[in-house]
Amino acid sequence: MAAGEPARRVEELRKLIRRYDYHYYVLDDPLVSDSEYDRLYRELEELEGAHPELVTPDSPTQRVGGEVLEGFGQVTHSQPMLSLDNSYSEDELVEFDRRIARAAGQEGPFDYVTELKLDGLAVNLLYENGTLVQGATRGDGRTGEDVTANLRTLRSLPLRLQDEELDPPLPAILEVRGEVYITRSGLEAANAQRLTDGEPAFANPRNAAAGSIRLLDSSITAGRPLKIVLYQMLAGETALLSGFSRHSEVLSYLRKAGFPVNPLWKACRGIDQVIDFCREWAQRRAQLDYNIDGVVVKLDDLRLRERLGATSKAPRWAMAYKFAAEQARTQLIAIDLQVGRTGALTPTARLEPVFLAGSTVSNATLHNEDEIERKDIRVGDWVWIEKGGDIIPKVVAVDTKARKPDTEPYRMPENCPVCGSKAVRPPGEVVRRCTNASCPAQIKERIWHFTSRGAMDIEGAGPALVEQLVDNGLVHDVADLYSLKKDQLAALERMGNKSAENLLAQIEVSKSRGPARLLFALGVRYVGAIAAQLLAERYGNLIAMQDATKEEIEAIEGIGQVIAASMAAFLAEPRNRQLLERLEEAGVELGCAPAEKVEIPAEGPLAGKRFVLTGILSKFTRSEAERLIKERGGKVSGSVSSKTGGVIFGEQPGSKLDKAKKLGVRTIDEAEFLRMLDQK
DNA sequence: CGTCCTCGAGGTCA
DNA sequence: CTCGAGGACG
């Protein structure tokens, strides 16, 4: 055999196998028999075995990597993975359509693409030169987990894309998004196997898929019947999308490149056709072999999409239509009260367990006193529950016909169920609050909030541990966390030396989370993550902030009266000032010196001026324009007032331009805007 | 909110 | 080996 012979045969086999995979998994139209496929696959394996130097990571035989991971790496998404706005009725779809017409400044009918909304977990995939290099989960939308090794095991996912006859050709870097899921029949088969192996069955396909993708050992993932479909291509730096004008073209392109795309999408003209599609699949969804929880409606026109942009949470050009939630009927055993960190008493329903939409429900939220009264929910009632658009089960109605005669309307107690102090409900408010700031329940909740993810992020300090810390008198407030000793921790239940060390290390690193996180962690009422960030930016240092007046705080951009009053009241309290001092003594970073504080450039040609954008600019997108203005010290807002420094308008400006003219505000066209940017 | 996975604790047994 | 806590996911 000539030296180049095996290399050539290996390439040939891989090409064939990829082609057969494509026909089997993507086109759903096998070219060869299973036995023929297996024969080629084995031949490839044998050749690679004999010539290890020919093995490449994108070979079809290399789906299962050898090693077990220690943990997953973090991946920061190049563009955030947003969620979608939800709608639950046809009226809301019509409203969505109208909103688009308003924002676009043109009349419909618009072209939409409707896709089934598969119930799985979202992933982001990165291909370099046609080869899969990274796959990540959604995570919090900004950063997710690197689950590449597990995604590689999905047979329907190409490790290498096919680039012949592709127009436009594959870009060097391609980023796509899709959904990993398990079919109903796949779950059934897997569960049958698990039961014979003495393992518990998976409760539902979604959790089975999510769990499988987060296994550290990808050889186990390989045995799970995971599938994937792709539905989005990111513009990325390649500006590849300039080669496309429609989402429907993108879907066809993805399929040609070798990606599985759910075939049941449809191009719709006008919202009525969208509604027909939604109706049809609400009817027919039981016929599918996979779970869907709705329909995703997207504008087809990519340029129009870009013009509409996105809010911080969701794109404005898409909408998820959710099918009516399933309901179940069960008995209400009790109404328990939970005490939150502000003392708020929140009622929760304890239910006779009942299976609903993939899980067994035994608790449900009741929101507040008024909600219970409105629906006249009584202990002992038969109630209807459903899992709403989110996942949280709620009581939707009482089956009054089944009500027993001896039940009584629910009355919320006037005392805290934990400490017995008076719980009062100020007139005009919906919540009743425990008035005792030292209520153990409140203390626990405050500390738990302090340690939680968006706050000081102290891993290992969950509710169970906090409960023990407070009950054993080791911790009375958040500052006490920083004087905990290893021996004290190791003596607690379910804590050993190892856990104690880990926790202390986490507490140590939390000291340098910075002033914004710390301020949010303190849990001042109305001061959420955003307000805390603004305050930290303004003062740099929490000690410097202590002498701020309510008026001074209120002057901060983005902070209103309510937050300012709450913040000032907190700072005026001597106990809180002591708390800050104690935190500082413990070594917690209260922020940088005021001199170093980060500020929007006070210099710059646009300093201190506020601009409004309207219409389409030819040279930049909206967000680029915003960034350019901010870099030069200016600000961007959404609506025109007499204080606006200028209205920058492009093609097809909206009503904002009219308003600017009426108010005598300066109007700036794109050419002038460019000149402004240049004078630096 | 419920499910799944992972980890460490603490037990049993060799 | 079993248990429970904690974190991720929808």
Side-chain angles (χ1 to χ4, degrees), chain A residues 68-72 74-75 81 83-84 86 117-123 136-147 150 179-182 187 190-191 194 198-218 220-221 224 226 291-294 320 322 325 328 330 336 338 346 348-351 353-367 385-395 448 451-454 457-469 489-503 506:
Chain A
V68 176
L69 301 177
E70 295 266 312
F72 299 114
Q74 294 262 308
V75 171
M81 291 179 84
S83 46
L84 294 179
N86 291 322
K117 191 172 189 310
L118 273 67
D119 198 9
L121 79 159
V123 291
T137 62
R138 200 188 97 94
D140 62 4
R142 221 176 51 81
T143 49
E145 286 178 318
D146 184 340
V147 290
N150 288 336
E179 193 86 359
V180 174
Y181 66 103
I182 290 185
L187 184 80
N191 276 345
R194 282 172 75 84
E199 290 174 283
F202 291 118
N204 62 64
R206 225 222 74 240
N207 282 101
S212 302
I213 223 64
R214 301 196 63 259
L215 286 161
L216 293 174
D217 184 348
S218 63
I220 306 180
T221 308
R224 303 274 169 90
L226 295 169
N291 287 348
I292 58 173
D293 59 353
K322 296 283 196 105
T330 188
D336 282 357
Q338 288 177 317
T346 310
T348 47
R350 305 291 168 211
L351 304 164
V354 59
F355 194 78
L356 171 64
S359 67
T360 306
V361 173
S362 36
N363 300 299
T365 169
L366 289 168
H367 298 111
I385 58 170
E386 71 176 36
K387 282 200 227 169
D390 33 32
I391 338 284
I392 320 269
K394 54 182 182 181
V395 174
W448 157 234
T451 64
S452 67
R453 195 115 110 79
D457 198 6
I458 302 176
E459 235 174 85
L465 182 79
V466 170
E467 168 118 28
Q468 284 197 70
L469 291 176
L489 288 170
L492 297 173
E493 259 171 67
R494 300 230 125 252
M495 282 291 280
N497 268 322
K498 181 86 177 160
S499 304
E501 276 167 26
N502 288 347
L503 181 62
Q506 283 290 315

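Lettering follows sequence order; numbering is per chain, from 1. For the numbers below, each heavy atom of this structure counts, side chains included, while hydrogens, waters and symmetry mates do not.
- The residue A:Gly71 sits apart from the nucleic acid: no heavy atom pair falls under 4.0 Å.
- Nucleotides of DNA chain B nearest to A:Ala490 and A:Ala203 differ in position, and the one nearer the 5' end is that of A:Ala203.
- For the pair A:Glu145 CD and C:dG10 P, the interatomic distance rounds to 11 Å; values are reported in whole Å.
- A close approach under 4.0 Å does occur between a side-chain nitrogen or oxygen of A:Ser362 and OP1 or OP2 of B:dG2.
- One finds no side-chain N or O of A:Arg494 lying less than 4.0 angstrom from the OP1 or OP2 phosphate oxygen of B:dC7.
- Counting only heavy atoms from C-beta outward, the side chains of A:Asn363 and A:Thr348 never approach each other to under 4.5 Å.
- At a threshold of 4.0 angstrom between heavy atoms, the contacts of A:Leu465 are confined to the sugar-phosphate backbone, with no base atom among them.
- One atom, CG of A:Leu469, and another, P of C:dG6, lie 10 Å apart when rounded to the nearest Å.
- Rounded to a whole Å, the CG atom of A:Asp217 is 12 Å from the P atom of B:dC7.
- With contacts defined as side-chain heavy-atom distances shorter than 4.5 Å, the pair A:Asn291/A:Leu118 does not qualify.
- Residues A:Val147 and A:Phe72 have side chains in contact (heavy-atom distance under 4.5 Å, counting atoms from C-beta outward).
- Closest to the side chain of A:Arg214, from the set C:dA8, C:dG6, B:dT3, is C:dA8.
- Atom CG of A:Leu187 is separated from atom P of B:dT3 by 14 Å (rounded to the nearest Å).
- Residue contacts shown for A:Ala210 are absent, as no nucleic acid heavy atom lies under 4.0 Å away.
- In the set B:dT6, B:dC1, C:dC9, C:dC9 carries the atom at the smallest distance from any side-chain atom of A:Thr137.
- For B:dG2, one of the phosphate oxygens OP1 or OP2 lies less than 4.0 angstrom from a side-chain nitrogen or oxygen of A:Asn363.
- Remark: C1' of C:dG7 and CD of A:Gln74 are 12 Å apart, rounded to the nearest angstrom.
- Note on A:Ser212: nothing from the nucleic acid sits closer than 4.0 angstrom, heavy atoms only.
- Within the 4.0 Å cut-off from OP1 or OP2 of B:dC7, not a single side-chain nitrogen or oxygen of A:Ser499 is found.
- Nucleotide B:dG8: paired with C:dC3 (Watson-Crick or G-U wobble, both distances less than 3.5 Å).
- Using a 4.5 Å heavy-atom threshold, the side chains of A:Thr330 and A:Leu356 count as separate.
- When rounded to the nearest whole Å, the span between CD of A:Gln506 and P of C:dG7 equals 9 Å.
- Of the two residues contacting DNA chain B, namely A:Asn497 and A:Thr360, the nearest-nucleotide position lying further toward the 5' end is that of A:Thr360.
- Backbone-only contact: A:Glu70 has heavy atoms under 4.0 Å from sugar-phosphate atoms and none from a base.
- Residues A:Leu469 and A:Leu492 are in side-chain contact: their nearest non-hydrogen atoms beyond the backbone lie under 4.5 Å apart.
- Listed candidates were C:dC9, B:dT3, C:dG7. Nearest to the side chain of A:Leu121 is C:dC9.
- Between atom CG of residue A:Asp293 and atom CZ of residue A:Arg206 there is a gap of 9.5 Å, rounded to the nearest 0.5 Å.
- Between A:Arg453 and the phosphate of C:dC9, there is no side-chain N or O to OP1/OP2 separation shorter than 4.0 Å.
- Between the CG atom of A:Leu118 and the P atom of C:dG10 there is a distance of 13 Å, given to the nearest Å.
- The distance from atom NZ of A:Lys117 to atom P of C:dG10 is 9 Å, rounded to the nearest whole Å.
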